[in-house]
Colleague: 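Starting off with a structure, shown below.
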Amino acid sequence: MSGDSPALKRAKTEPTAPAVCVTDVINHKLLTPESRAGLHATYQAAKPYRHTVLKDVFNIDLLKKVKDEIISNIQATYKETDLFKVFQTGDIGNLDSLDSSNAVKLPSLYKLKSALYSSEFRDFITDITGCGNLSSRIDCSCNVYANGGHLLCHDDVIGKRRVSWIIYLTDPDTLWEEKDGGALELYPPAEGQQYVPDVVPSLSHLPIFNTMAMFTVLPGYSFHSVQEVFSEDCPRMSISGWYHTDTEIEGMEHATLNQLQFKSGEDTTKTYTSYASEEDTNTSVTEKDRELLSRWVNDAYLGQAGWGKILEKFKEDGSVQLKNFLKKDIAAKIAERTKAEDESDAVGRGRVPNYQAGVSNGWKYVGPPHKQRYLRYSREEEGREKDDKTAGELLAEIRHDLFETGAFARLLREMTTITYLGHQGEVRRFRAGLDYTVAHYGIITKDPRLDVVLTFVDDATKDDATTWDSGEMGGFEAYLLAETDDESAAAAEVYRPADADESGVLNVSACSNTLNIVLRDEGLMRFVKYVSYGAPGSRWDVAMEF
C-alpha cells in the first residue's frame, strides 16, 4: 500500500500523454541542483529510515483545483477492515482510459499526475532518494480519512515498489494541528531485533496542505501508520502512490506481507499450564467447588437449571455470552477502578491519546504493532492485600484465584460438556485511540480450543452501552474463517482489496462484567478491533484459553 493508502490497487503504464511543463506544476526552486543536493543529504540522514517531507511543492492554485475536481467528480468508497477505516477512490493513475466527457472534468488532476510521473520528476525523486532508476509505472489513488479514520502499522512492501509518496490535500485555509490527529507515524526497529518495528512510533508528520511525504520502501523496516483522525470538521485528504523499479527488491523475505503470510499458526503456539494431579476436571462441580465459586460468581450461574440453558445455547451456536457474571460488589469495584484509571490517563471520550498512558504499575506493552498493540498486566505479589487495589490487581485476582482453578474448569465442563486439561491467559487493556490486534496467518487456529474472556468497559449509561454494542468505536472481538486455499488470504487486510471475499463467523461486542465463551475451531482467526479515541474508555479483559 502507499504511505497511507490501505488497499492493493491496480497499477498501469499509460500511453504517451501530451507534454506537461513540470515547472508549471511543481515549485522550480525544488528542482535546482543545489536543492537536490541538500534534499539528498537530509533524506539519507533521516531517522528512523530514509524519508523526507517536501514543503510548498506544487502550484497552490493548481492543487486547490485538484482537490475540488476530486471532490466534485470522483467517487470514493468507504472501506473498513481490521487494519483501516477510509474512503478511497479507484485507480486515478489511468486517467487516459476515461471517456472525454469525464476527462474534461479533471484537467488539473491530469496535469498533476502527468508531472508526477514525468521523466523529469522521476529523475528528481531518484536524485533525492538514491533509489536508482524508477519505471514509468503509474500507481496512485485518493484517500480520505474522516473523523475516526485510521490505518495501522505496515511496511508498504509489495512487488517492485521502491518509493512511497503522499500529497496532502487537507483544508488549505485551516491549520492542521496535533490535536487533529491523522499524522503519518514512522516506526523505528525494535531494540535488539531485525525486521520488527518498535511498539510505538518515534516520529510523526502532520498532513499539511501542499506538502509531499516520501520514503524508501524497505522490507522489514519502512513501518508506518496513519494516526486516527480526531478532527470532526476537516478530513485528512491525500493522493498517494508509489514509484516502482524494474529490478527485484532485496530482502523481500523480511517484508510484512511475507511475515504475515507464512508460518501458519506460529503465534498460537503457547504454553498451557496443566491442572494439578489431584484436580480431576472430568467430574461435576462439587460442594467444595461451589464454596470457592460462590465467592466470585453470580449465583445465577451456579445451578443445574442455568447450566442446562447455557449448554443448549453453546451447542447450538458454539458460543455464549454470560452477562453480570461476577457478583455485583466485585464487578462494581472493578468497574470503578477501570473507569478511574481511564480518567487519570485521559483515555477515551474524544481525548487525544498519549502512547505512554497506563504504561506503569505492572502494565507493559505487547507488540509488534504490525500484528498487535495493547497492554498486558504482570501481577505484583506485594500489592495483593491492599484495600485500594488497582484495576490490574483486581483483574489478576480473577485470573489467578478463579479462572485458573480446577473448580472453574469443572464449571466450564457443566456449561459445555468439554473436559479441560490446561489453561493459559493474560490480563489485557486496549486503550482508546491506541490499541488493537489484527488478523494474520500466524494466528490461524491449528487445534480447537475454548476462549473464555471476561470484559469490562464503561457502559454504565444507555448511550455508552449502545456505543460498545454497535461496534462503531471498535473494541469488539471478531472471529474469521481463514481462506487457506488462497496463499494470500490470511495476510493482513492492508495488502488485499477491501472487497475480497471473507468469511465472518462471529463478532463479540464488549460489555461490562460479561463472560464470553467461544469454541474456536481449526482454521479460525480472531482479533480485537482497534478501539477508537471516541470510545467511552478502554476495553479491559481477562483473556483465557482452555
Colleague: Compare all side-chain heavy atoms of H154 with those of H224 and state whether any distance is below 4.5 angstrom.
Modeller: yes
Colleague: Hey, can you tell me if F121 and F124 have their rings parallel, tilted or perpendicular (30° and 60° cut-offs)?
Modeller: tilted
Colleague: For the side chain of D180 and the backbone of E177, is there at least one donor-acceptor N/O pair under 3.5 Å apart?
Modeller: yes
Colleague: Counting N and O atoms only, with roles assigned by atom type, does the side chain of Y533 sit under 3.5 Å from a partner on the main chain of F230, one being a donor and the other an acceptor?
Modeller: yes
Colleague: Report yes if the side chains of C142 and M237 come closer than 4.5 Å at any heavy-atom pair, otherwise no.
Modeller: yes
Colleague: Would you say the side chains of S222 and D156 form a donor-acceptor pair under 3.5 Å?
Modeller: no
Colleague: I need the D24 CG to L62 CG distance, nearest 0.5 Å.
Modeller: 9.0 Å
Colleague: Could you check, using the six-membered ring where one of them is a Trp, whether F430 and Y530 have ring centers closer than 6.0 angstrom?
Modeller: no
Colleague: Is the backbone N or O of K79 less than 3.5 Å from a side-chain atom of Q88, with the two atoms forming a donor-acceptor pair by type?
Modeller: no
Colleague: Between Q44 and R50, is the side-chain contact (heavy atoms from CB on, under 4.5 Å) condition met? List the steps.
Modeller: CA-CA 5 Å; Q44 299 302 319; R50 297 192 295 276; 3.0 Å; yes
Colleague: Say whether T437 and Y374, considering side chains only, have a donor N or O and an acceptor N or O under 3.5 Å apart.
Modeller: no
Colleague: Would you confirm whether the ring centroid of Y195 sits within less than 6.0 angstrom of the ring centroid of Y221?
Modeller: yes
Colleague: Counting distance only, does the side-chain N/O of T52 pair as donor-acceptor with the main-chain N or O of L54 below 3.5 Å?
Modeller: no
Colleague: Give a yes or no answer on whether the side chain of D342 reaches the backbone of G537 with a donor-acceptor pair at less than 3.5 Å.
Modeller: no
Colleague: Under 4.5 Å between any side-chain heavy atoms of W165 and C140, yes or no?
Modeller: yes
Colleague: Are any of the side-chain nitrogens in R526 or D451 under 4.0 Å away from the carboxylate oxygens of its partner?
Modeller: yes
Colleague: Do W468 and F476 have side-chain heavy atoms sitting under 4.5 Å apart?
Modeller: no
Colleague: From R351 CZ over to D345 CG, what is the distance, rounded to the nearest 0.5 angstrom?
Modeller: 9.0 Å
Colleague: Between atom SG of C234 and atom CH2 of W176, what is the distance when rounded to the nearest 0.5 Å?
Modeller: 6.5 Å
Colleague: In terms of relative ring orientation, are Y49 and F215 parallel, tilted or perpendicular, with 30° and 60° separating the classes?
Modeller: perpendicular
Colleague: So V66 and L109, do their side chains get closer than 4.5 Å, heavy atoms only?
Modeller: yes
Colleague: Going through the checks in order, is the ring-ring contact (aromatic ring centres under 6.0 Å, His included) test met by F209 and Y168?
Modeller: CA-CA 5 Å; F209 181 79; Y168 294 112; over 10 Å; no
Colleague: Mind checking the OH-CZ spacing from Y479 to R520? Nearest 0.5 Å is all I need.
Modeller: 6.0 Å
Colleague: Would you mind reporting whether T174 and D233 have side-chain heavy atoms less than 4.5 Å apart?
Modeller: no
Colleague: Do Y365 and D435 have side-chain N/O donor and acceptor atoms under 3.5 Å apart?
Modeller: no
Colleague: To the nearest 0.5 Å, what is the distance between CE (M525) and CG (D82)?
Modeller: 8.0 Å
Colleague: To the nearest 0.5 Å, what is the distance between NE2 (H51) and OH (Y43)?
Modeller: 9.0 Å
Colleague: Are any non-hydrogen side-chain atoms of E477 and D541 less than 4.5 angstrom apart?
Modeller: no
Colleague: Between R429 and L375 (side chain of the first, backbone of the second, donor and acceptor by atom type, cut-off under 3.5 Å), is there such a pair?
Modeller: no
Colleague: Between E341 and W540, is there a side-chain heavy-atom distance shorter than 4.5 Å?
Modeller: yes
Colleague: Given 3.5 Å as the limit, does a donor-acceptor pair link the side chain of N27 with the main chain of D56, or not?
Modeller: yes
Colleague: Does the S238 side chain pair with the main chain of S240, one donor and one acceptor, at a distance under 3.5 Å?
Modeller: no
Colleague: Strictly below 4.0 Å, N to O, side chains only: are D139 and K160 in salt-bridge contact?
Modeller: no
Colleague: Mark yes or no for whether R236, through its side chain, and G182, through its backbone, hold a donor-acceptor pair below 3.5 Å.
Modeller: yes
Colleague: Check whether T170 reaches the backbone of P207 with its side chain - one donor and one acceptor, N or O, closer than 3.5 Å.
Modeller: yes
Colleague: K529 and E80: salt bridge (Lys or Arg N to Asp or Glu O under 4.0 Å), yes or no, with the steps?
Modeller: CA-CA 11 Å; K529 173 66 173 173; E80 181 175 4; 3.4 Å; yes
